[in-house]
Engineer: 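Quick one: this structure, given as structure tokens, is what I'll be asking you about.
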Protein chains: 2
Amino acid sequence: MKAQKISRLGYALLGLLRQRPSSGYDLRKIFSSTAMKTYSDSPGAVYPALRRLEQQGLIRGSLEHGSGLRRRQIFHHTPKGLAELKKWIVRPITQDDLARRDLEVLLRFAFSEEVVGPVASVQLLKSLQAELVVHLAVLSEQLAAARSKMSISGRLAFECGLRGCESWLEWTRYAIATYEKQEKGGKS
Amino acid sequence: MKAQKISRLGYALLGLLRQRPSSGYDLRKIFSSTAMKTYSDSPGAVYPALRRLEQQGLIRGSLEHGSGLRRRQIFHHTPKGLAELKKWIVRPITQDDLARRDLEVLLRFAFSEEVVGPVASVQLLKSLQAELVVHLAVLSEQLAAARSKMSISGRLAFECGLRGCESWLEWTRYAIATYEKQEKGGKS
DNA sequence: CGCCCCATGTAAGACGTTACATGATTGA
DNA sequence: TCAATCATGTAACGTCTTACATGGGGCG
């Protein structure tokens, strides 16, 4: 009865709605015009997703009675929605997150500071860092094993993946350092 | 009647089958055990996908009558399948490829050398490089515009994306250089 | 014999894509 | 008034996920 799953799009919407109550149209604009193009801006994806979130009690919509009478529904998150968002963000990072779920981890991190606070953000980074180290080791091993059997483009593609991981790892260090500097500076 | 679309999984299967005729089980093993974990290894995804490819005349299966009598269907690509694979690989790279289609481009490149030859591989790289430069410019601009309105984790996540692009760009240079060196060396 | 791996499949359901439809409002 | 944009929706379709089912074969 309870925990039916939330799709990637669902989490993206939930996170955005926590930042600022918005209409479906607003959200679609974000997906079509910003760097969040990984998410579908099509009405056939967004509106049903919002409906599902509402049915699960994670968001609530209210009709806006602004100047014009053009109907426009503004959604905002509920306490339950915020709780789900938190749960999603602080989930321990797995190898699976690195191998399959393309950039879902990054979205979780992007939302993390405002939803669960900077301490949790750093924790997330450290968890990610640890998994990346493992993942890198696995990839390196696989490359070494398969190298001789690959075409040049095959090997290069593999190396691209490896470099991407290394770049991520370097980024986690930079990100952690950024937070630590922040802490030393103004605690405001 | 003709050109119904092929899914990402479909192209992955087609590319693997060009490398080596395999059974559905073999292919699933590749997805579950190698770096190609982005693709589903579940029977509910792989077998129907193979069936679709077969119905479109892109692959053909033949029952193996090996030592044991355990049924096992080996698939191999048809000329039509190879043609579709080529078309997919040499498609011009778009901004959309960079923003949405996570690593589809990389798969295309991985297969490219053996399917369309090293010259086309380099062309693909140069095309990718050009699009990456544009994409980087767009991202930088967006970051500059939104920077002040973002949380630290939001900004860092964005920067992670940027760094990823830069890493890709650097990789294209390395990859192109690798091919050029190759050409100078042994033309064998 | 029981257990695990090989190897294939199917069925239900969730989700996204594509395309179409509707109506209100703004601006030329 | 006509077109474009705002804003929401729906229907058909394809594909993936999840879970279950089936049988052969090797091994202890």
Side-chain angles (χ1 to χ4, degrees), chain A residues 1 3-14 21-33 36-56 58-59 61-75 96 99-102 104, chain B residues 1 3-14 21-33 36-56 58-59 61-75 96 99-102 104:
Chain A
M1 179 176 266
Q4 65 176 6
K5 254 171 257 176
I6 302 169
S7 67
R8 265 186 37 215
L9 177 61
Y11 282 115
L13 292 169
L14 202 46
S22 316
S23 69
Y25 195 78
D26 293 334
L27 295 162
R28 288 178 53 212
K29 284 309 245 339
I30 293 174
F31 292 146
S32 63
S33 67
M36 295 183 73
K37 291 207 207 308
T38 6
Y39 300 92
S40 172
D41 68 316
S42 82
V46 173
Y47 292 110
L50 286 170
R51 194 79 49 81
R52 286 194 297 273
L53 292 175
E54 194 173 26
Q55 278 172 352
Q56 293 173 62
L58 307 177
I59 64 174
S62 53
L63 282 166
E64 193 189 46
H65 38 287
S67 48
L69 279 147
R70 175 192 282 165
R71 84 190 188 295
R72 189 178 133 86
Q73 195 168 191
I74 304 294
F75 292 92
D96 201 75
R100 301 181 99 87
R101 317 236 196 265
D102 50 310
E104 191 174 332
Chain B
M1 179 175 265
Q4 63 175 4
K5 252 171 261 177
I6 302 169
S7 67
R8 265 186 34 215
L9 177 61
Y11 281 116
L13 293 169
L14 202 47
S22 317
S23 69
Y25 194 78
D26 292 335
L27 295 162
R28 288 177 55 210
K29 283 310 244 337
I30 293 174
F31 293 146
S32 64
S33 67
M36 295 184 73
K37 291 206 208 309
T38 7
Y39 300 92
S40 172
D41 68 317
S42 81
V46 172
Y47 293 111
L50 286 170
R51 192 80 49 82
R52 286 194 299 271
L53 291 175
E54 194 173 27
Q55 279 173 352
Q56 294 173 63
L58 307 177
I59 64 174
S62 53
L63 282 166
E64 192 188 47
H65 39 289
S67 48
L69 279 147
R70 175 192 282 166
R71 83 192 191 293
R72 190 178 131 88
Q73 195 166 190
I74 303 294
F75 292 94
D96 202 74
R100 302 180 98 89
R101 316 239 199 261
D102 48 309
E104 191 172 332

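All chains are named by letter (A, B, ...) in the order of the sequence lines, taking the proteins before the strands, and each is independently numbered beginning at 1. Only a predicted model underlies this, so the values are computations on that prediction, with no experimental measurement involved.
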Engineer: Can you list, in residue-number order, the parts of residues 36-51 of chain A that come under 4.0 Å of DNA chain D, counting heavy atoms only?
Structural biologist: A:Pro43, A:Gly44, A:Tyr47, A:Arg51

Engineer: Can you sort out the partners of A:Phe31 under ring pair (Phe, Tyr, Trp, His ring centres under 6.0 Å), two or more places apart, ordered by chain and number?
Structural biologist: A:Tyr39

Engineer: When you measure from the side-chain N and O atoms of B:Tyr25 to the phosphate of C:dT8, is any distance below 4.0 Å, counting only OP1 and OP2?
Structural biologist: no

Engineer: Go nucleotide by nucleotide along DNA chain C from the 5' end; which of B:Arg100 and B:Ser23 gets its closest nucleotide reached first?
Structural biologist: B:Ser23

Engineer: In whole angstroms, how far is the C1' atom of C:dC15 from the OH atom of A:Tyr11?
Structural biologist: 15 Å

Engineer: How many whole angstroms separate atom NZ of A:Lys5 from atom C1' of C:dG16?
Structural biologist: 17 Å

Engineer: Do you know the tightest heavy-atom contact between B:Arg8 and B:Thr38?
Structural biologist: NH2-O, 4.1 Å

Engineer: If every non-hydrogen atom of A:Arg100 is compared with every non-hydrogen atom of B:Asp41, which pair is closest and at what distance?
Structural biologist: NH2-OD1, 4.3 Å

Engineer: Does the side chain of A:Arg72 get closer than 4.0 angstrom to OP1 or OP2 of D:dA7 through an N or O atom?
Structural biologist: yes

Engineer: Any base atoms under 4.0 Å from B:Arg28, or only sugar-phosphate, or nothing? Heavy atoms, all strands.
Structural biologist: base

Engineer: Using side-chain heavy atoms (C-beta onward) and a distance below 4.5 Å, is B:Lys29 in contact with B:Ser22?
Structural biologist: no

Engineer: Find the distance B:Gln4:CD to C:dT18:C1' and express it as a whole number of Å.
Structural biologist: 15 Å

Engineer: Rounded to whole angstrom units, what separation is found between the CD atom of B:Gln73 and the P atom of C:dA7?
Structural biologist: 13 Å

Engineer: Please give, in whole Å, the distance from C:dA14 C1' to A:Arg52 CZ?
Structural biologist: 7 Å

Engineer: Please report the closest heavy-atom contact between B:Leu58 and B:Ile6, naming both atoms and the distance.
Structural biologist: CD1-CD1, 3.6 Å

Engineer: In whole Å, what is the span from the CG atom of A:Leu13 to the P atom of C:dC15?
Structural biologist: 12 Å

Engineer: Please name the pair of heavy atoms, one in A:Pro43 and one in A:Pro48, separated by the smallest distance, quoted to 0.1 Å.
Structural biologist: O-CD, 3.3 Å

Engineer: If you measure from OH on A:Tyr47 to OG on A:Ser23, what distance do you get to the nearest 0.5 Å?
Structural biologist: 6.5 Å

Engineer: Tell me: CZ of A:Arg8 to C1' of C:dG16, nearest whole Å?
Structural biologist: 11 Å

Engineer: In whole Å, I'd like the distance from the CG atom of B:Leu9 to the C1' atom of C:dT17.
Structural biologist: 17 Å

